[in-house]
Protein chains: 2
Amino acid sequence: MRRPATLASLAAELGVSRTTVSNAYNRPDQLSPELRDRVLKTAERLGYPGPDPVARSLRTRKAGAAGLLLTENLSYAFRDPAAVGFLEGLALACEDAGVGLHLVPASPQREDVAAVHRAGVDGFVVYSVPDDDPHLAAVMSRPVHTVVCDQPQLEDVDRVGIDDGAAITKLAEHVLRLGHRSVGVLCMRLGRDRNDNFVSVDRQRSAHYHVQRRRLGALASVFESAGVDWSKVPVVERFDHTSEDGASAAAQLLDKHPDVTALVCTSDILAVGALTEAKRRGLRVPIDLTVTGFDGIAEADRVELTTVRQPIQDKGRAAGQLLLSAAERNGPKLITLDTELLIGATCGSPRNAEEPWFGP
Amino acid sequence: MRRPATLASLAAELGVSRTTVSNAYNRPDQLSPELRDRVLKTAERLGYPGPDPVARSLRTRKAGAAGLLLTENLSYAFRDPAAVGFLEGLALACEDAGVGLHLVPASPQREDVAAVHRAGVDGFVVYSVPDDDPHLAAVMSRPVHTVVCDQPQLEDVDRVGIDDGAAITKLAEHVLRLGHRSVGVLCMRLGRDRNDNFVSVDRQRSAHYHVQRRRLGALASVFESAGVDWSKVPVVERFDHTSEDGASAAAQLLDKHPDVTALVCTSDILAVGALTEAKRRGLRVPIDLTVTGFDGIAEADRVELTTVRQPIQDKGRAAGQLLLSAAERNGPKLITLDTELLIGATCGSPRNAEEPWFGP
DNA sequence: TAGAGGGACCGTAACGTTTCAGATTGTTTT
DNA sequence: AAAACAATCTGAAACGTTACGGTCCCTCTA
């Protein structure tokens, strides 16, 4: 018995068919308790660890796992509270269904798409990757069910998301109503190339991150409607997503445009950094500077940030449920979750308030 | 072509052998560029998505994934900062190696061990599960490499951990040196059964969570050495691990033993909760009450908790590297990481300080 | 006692791939 | 001109399992 025992060798040893051994493990009702017991006993004696999961997967065409594509250093996913929330929700759904969660190693730097092809999963959840990412293309080429999240509608693919445009519009209207006309924007990365700098309107329009493109687009149109020339609005981008980056982005923006009275950030993390930078400069929030975020993470609550709360955990769970539901597939399913404007303590009227947008 | 294309059908269509098609994907140097191109073109035409990962795994006996067993609601793993840190480190190691991270759905309630058997992975990392957990047994029965973390030494199994005893001893000596003799302890769950209550010395000794057993044991011996009767020291256990539970545990303990001057907690989360409860009661920390934690999470830093910092992220990474290193297997490998006593602002001398343990 | 019914088990055919030891060329070396 | 070589491609044998459609035999019913 040099080579590890297999179902076949076990069957041979017992003098029964492979089917019977298989049934001993998978369909106990298909054989007599005595025989089953004998099978299990012999298995233990021979050191047979039970049916090989990979061989079983090949035969049953079920891997018992959901794949998650992040296209970001995996470790980053655990550092960003929003990503953690999403993961939590997704894990919840997987757990309920009794399937594993397979995190695909897809660093943005490494163009190596092989990991996507190597993943033995029953489907993929794709969370916030740029629309031109080769990993995304690789996932789409796999013949398995896929759910995208915070992603533009792809042909015939399930999707979970929020109405980013509507959400940030409400926020912007709040800022406008307070009288701000001289605003700046901090946003997350817009493409796979690093651009820790001001962003042209062109780059905004052609951003490869759907969520960011959507939010910037909505901001542009609502501010334009209020008479603000969007092409004059400074927008600063950061590739990495930490509060330090938020702080440095705020610094970069305020250095060049000390006149802005409000900083609209496309994420809470960036906004928290902006708050830090404001304090460093001796700017009082919200008296001297208004700051807003997006997401509704715990930290935002702690600093009383005015922001948009999105049900990030529900998003993960919805994505998981969508993926795992054996629902009949007639057309792609779309789920749009609700958001909520959270008024904190970081917004106020600008010091030399202009005419309010709406009447008194 | 009703059924999805396979490597074989593609080979048939092309009039070449399966080997050649396989080589086109896996060993481009083994066939002429022209033929390879023809293969890939035809694959696209027939909608062949490339070699099936499961079939490949079966043949190569490599799944390209590391399993993680947590035996806790997966979602919990994303809520506890320590667990998140561990995951982050583990994910880092997996990413470096280009392998996936397969989170095994193993709720403590569900006794369903099948998920462990179903997981197509090359090895397991087991993080802080009770030593009598059936999931752990299931993992051990699988013929794959396993690394345990925060776990007692298992026969012939790699292990990553810290010296919990030494670490908490340093902490306890600090508390003793300040003069405390009347202490209470808050600890995490000691077994798979829920016991949100005081803990007998017996239950402490037979705790199934290695880390907790170790820490309590070390506390017992260091306090005994200092002349404290450990059997009189109140220890309160909490099954769930949130700061709310820490608060309620502190309340339960202080209600019954209002005389304690120091609360030693076996985790930062519990300690943070204890701080909240102390404040609620109008107890000034550290004047009226000394509180200590364990772990060194970010929140601990924020509240200036005196605690033991353990390199939680390194732990995850070390576990991953150990699992994935193809090192020759001569005897189990053991890695013990360093810890550091972090003096915060939550420790002081008791109001009616007794004779200090050490000289002046 | 014939026939129906059902429990227990079996044989064969996949599942889709990689691997290994050749076979077949055309090209160079001696 | 024979021998050696490299480049390219092939055939058959695994890898370990489960699905499917049986067979066999015993018991129950009428």
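Since the structure is predicted, the reported quantities are computational estimates derived from the model, not experimental observations. Here is how names work: the chains are called A, B, and so on, in the same order as the sequence lines, proteins then strands, and each is numbered from 1.
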Just jot down the salt bridge (charged side-chain N to carboxylate O under 4.0 Å, His left out) partners of B:Arg38, sequence neighbours excluded, or say none. none
Residue-phosphate contact under 4.0 Å: B:Arg56 side-chain N/O, C:dT18 OP1/OP2: yes
Parallel, tilted or perpendicular, as decided by the 30° and 60° cut-offs, for the rings of B:His241 and B:Tyr76: tilted
Using a heavy-atom cut-off of 4.0 Å across all strands, would you classify B:Tyr25 as base, sugar-phosphate, or nothing? nothing
Spacing of B:Leu154 atom CG and B:Leu136 atom CG [to the nearest 0.5 Å]: 6.0 Å
Hey, what's the ring geometry for A:His102 with B:His102, parallel, tilted or perpendicular (30° and 60° as the breaks)? perpendicular
For a quick check, with a 4.0 angstrom heavy-atom cut-off, what is the B/S/- contact string for nucleotides 9-14 of chain C, read 5' to 3'? SBBBBB
Using a cut-off of strictly less than 4.0 Å, decide whether B:Arg27 has a side-chain nitrogen or oxygen near OP1 or OP2 of C:dT19. yes
Between which nucleotides of DNA chain D, read 5' to 3', does contact with chain B run, using atoms under 4.0 Å from its heavy atoms? D:dC9 to D:dG16
Side-chain touch A:Leu103/A:Leu70, heavy atoms, less than 4.5 angstrom: no
Looking only at atom types and distance, does a side-chain atom of A:Asp122 sit under 3.5 Å from a main-chain N or O of A:Ala63, one as donor and one as acceptor? yes
Report the C-alpha separation of A:His117 and A:Ser141 in whole Å, then their side-chain angles, then the decisive distance to 0.1 Å, and conclude whether the side chain to side chain contact (heavy atoms under 4.5 Å, CB included) test is met. CA-CA 9 Å; A:His117 288 124; A:Ser141 79; 3.9 Å; yes
Flag the pair B:Val129 / B:Gln151 as yes when at least one side-chain heavy-atom distance between them is below 4.5 Å, and no otherwise. yes
